[in-house]
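Below is one structure, written out as structure tokens; comments come after it.
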There are 2 protein chains.
Amino acid sequence: MRKLKTSRQPEILDAALAIADERGLDALSMRAVAERVGVTPMALYGYFRNKDELLDGLVGRLLTKLVAEDAERIGPGLEGAWNERLGAIAWATRRLAREHPSVFPLLLSRPSVTPDGVRVVDLLYQALIEAGVPDADVPRIERMVSTFVIGFAISEVNGRFSGGSNETRTRRGVDAPAHRRLAGHLAARDWDAEFAADLADLMRIIRPV
Amino acid sequence: MRKLKTSRQPEILDAALAIADERGLDALSMRAVAERVGVTPMALYGYFRNKDELLDGLVGRLLTKLVAEDAERIGPGLEGAWNERLGAIAWATRRLAREHPSVFPLLLSRPSVTPDGVRVVDLLYQALIEAGVPDADVPRIERMVSTFVIGFAISEVNGRFSGGSNETRTRRGVDAPAHRRLAGHLAARDWDAEFAADLADLMRIIRPV
DNA sequence: ACCTGAACACCGTTCAAGT
DNA sequence: ACCTGAACACCGTTCAAGT
């Protein structure tokens, strides 16, 4: 297990993120990253043990952007009521998914306990504590909220919500009585509004009114 | 856009699912599937236009297994109270993730409006209607619940929840006050119990007591 | 300390051809 | 109707060598 160089890691991750953003995750090859950095593919293996670790680095990058955005939101980071702070992180997370739709889904597949990952979780913990959630329930509620937020953002950028028109869904041949009854409510949605409504519902779990 | 053969599609999907289950998604190559089916790689392209469509077929398979299990649960499928039926689907979904951990995450990345996909959604719609959710809110709540359930199951099979021990999380160098305060509650969890608690919370959104 | 070149064992997919 | 063979343009990664 050789020791890795760190000097050019940020530069390499920048290149990798740019490629994924511009041409998708399938285009993100070690060879493509190397070319963009202006180096031989093999040079990358001095900085990342393999492609998987480079992808982990990319997830770390996303989390860093998230804490950075939260930090500049309102200075030290603890201004505002708990529900405003929690909402700010949720919306920032969703924005991040739209900025980096190819890389974002990796958030759900990789543990990523980088320092910045811990920092984000800690901000959520603080908000939940302030909301009055019992200490014993805080980690569970954090996982529930973050799972939903990340899952929603992934579904959205991947088209899981919009896939299949109304006609497809209510097509004859599938026995779908509830779809028929709800036909008038199956039109394309305003996902901003839906995300807001979902968050409001979750807030009511966190602190029943 | 040539017309595809269907005769051996199920056989091919069986082979693909077996490879993914046994050796992971990275090992799922067209060549490996072909070998298992006993055919040349190129023969597969008569049944699926490309690898992506084969993966879509795999997602369809998962959904088919889900409706099959639900159907045999209690016969016609509409016995039991709404919360029991909704819970049964949620737990069956989570079981499916454990059976096919490599393929399951694709559920969140692919629209998949196959007939069986619509059937699952319709069962959820029916439960929510019976719970008293206003028609206009049913599709949103369905998306919220399914997003959470799938996201939870993916996080679990991918180790997102367990990654990083306590020590890692509370390691010095990261300023994480809430982690320090919650140190006693950050031990490894019983995910069955946590999933149950989360579902109970969601049920309270669906039908406030 | 950092990088390169050549090589190995793979990929998905196209095209033309075969029964 | 169904399948094959050869080929193209790629992959990630190892190893030995170079400055």
Side-chain angles (χ1 to χ4, degrees), chain A residues 1-61 102-103 105-106 109-112 158, chain B residues 1-61 102-103 105-106 109-112 158:
Chain A
M1 209 169 174
R2 270 191 54 259
K3 196 69 179 63
L4 294 172
K5 290 162 244 164
T6 57
S7 48
R8 304 182 73 181
Q9 275 180 0
E11 184 187 350
I12 293 167
L13 291 175
D14 278 343
L17 191 56
I19 291 167
D21 288 345
E22 292 165 14
R23 305 195 273 128
L25 206 59
D26 287 347
L28 180 60
S29 66
M30 296 299 269
R31 287 166 141 100
V33 174
E35 194 188 11
R36 188 150 189 147
V37 174
V39 95
T40 267
M42 278 320 301
L44 301 180
Y45 289 82
Y47 299 91
F48 299 92
R49 238 170 300 268
N50 49 47
K51 189 181 178 180
D52 241 55
E53 294 209 350
L54 190 148
L55 294 178
D56 283 339
L58 239 29
V59 171
R61 247 299 204 285
S102 298
V103 174
L106 299 179
S109 15
R110 295 168 184 266
S112 84
N158 283 337
Chain B
M1 208 168 179
R2 268 192 53 260
K3 195 70 177 66
L4 295 173
K5 289 162 244 162
T6 57
S7 48
R8 304 183 73 184
Q9 274 180 359
E11 183 187 351
I12 294 167
L13 291 175
D14 278 344
L17 192 56
I19 291 167
D21 288 345
E22 292 165 14
R23 305 194 275 128
L25 206 59
D26 286 348
L28 181 60
S29 66
M30 296 300 270
R31 288 166 140 99
V33 174
E35 194 188 11
R36 187 152 189 144
V37 173
V39 95
T40 266
M42 278 320 302
L44 301 179
Y45 289 82
Y47 298 91
F48 299 92
R49 236 170 301 266
N50 49 44
K51 189 182 178 181
D52 240 56
E53 293 209 350
L54 190 149
L55 293 179
D56 283 338
L58 239 28
V59 170
R61 248 296 207 286
S102 298
V103 173
L106 299 179
S109 17
R110 294 168 185 267
S112 83
N158 282 338

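Any value given below was found using the heavy atoms of this structure, including those in side chains, with hydrogens, waters and symmetry copies removed. What you are looking at is a predicted structure, and each value in this text was computed from that prediction instead of being measured. Below, read A as the first sequence line, B as the second, and so on, with proteins coming before strands; counting in each chain starts at 1.
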Specify the separation, in whole Å, of atom [atom1] of [X] and atom [atom2] of [N].
X	N	atom1	atom2	answer
A/Leu44	D/dG12	CG	P	10 Å
A/Arg23	D/dC11	CZ	C1'	14 Å
B/Leu4	C/dT13	CG	P	13 Å
B/Lys51	D/dC10	NZ	P	18 Å
B/Ile12	D/dC3	CD1	C1'	12 Å
B/Arg31	D/dC11	CZ	C1'	11 Å
B/Lys5	D/dC3	NZ	C1'	7 Å
B/Glu11	D/dC2	CD	C1'	13 Å

Taking only the side-chain nitrogens and oxygens of [X], find out if one of them lies under 4.0 Å from OP1 or OP2 of [N].
X	N	value
A/Ser7	C/dC2	yes
A/Ser29	D/dC10	no
A/Arg49	D/dT13	no

Original post:
So what is the 5' to 3' dot-bracket string for DNA chain D, if pairs are Watson-Crick or G-U wobble with both distances under 3.5 Å, crossing pairs use [ ] and | means the partner sits on another strand?
Top reply: ||.|||||...|||||.||
For [Y], is there any backbone N or O sitting under 3.5 Å from a side-chain donor or acceptor partner on [X]?
X	Y	answer
B/Asn50	B/Glu53	yes
B/Thr40	B/Ala43	no
A/Lys51	A/Leu28	yes

**OP:** Under the side-chain hydrogen bond (donor to acceptor under 3.5 Å, both in side chains) rule, collect the residues that match up with B/Arg8, sequence neighbours excluded.
**Re:**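 In terms of side-chain hydrogen bond (donor to acceptor under 3.5 Å, both in side chains), with neighbours along the sequence ignored, B/Arg8 is linked to B/Glu11.
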Original post:
CD of B/Glu22 to OG of B/Ser102: how many Å apart, nearest 0.5 Å?
Top reply: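 One finds 10.5 Å between CD of B/Glu22 and OG of B/Ser102.
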Original post:
Within the structure shown, what part of the strands sits under 4.0 Å from B/Tyr47 by heavy-atom distance: base, sugar-phosphate, or nothing?
Top reply: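 Sugar-phosphate, no base atom in range.
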**OP:** Pick base, sugar-phosphate or nothing for A/Met42, based on heavy-atom distances below 4.0 Å to the nucleic acid.
**Re:** base
Subject >> The single option from B/Val33, B/Ile12, B/Leu58 passing side-chain contact (heavy atoms from CB on, under 4.5 Å) against B/Leu17 >> reply: B/Leu58
Original post:
How about A/Leu13 and A/Phe48: do any of their side-chain heavy atoms sit closer than 4.5 Å?
Top reply: yes
Subject >> Spacing of the C1' atoms in C/dC11 and D/dA7 (rounded, Å) >> reply: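 Rounded to whole Å, the distance is 14 Å.
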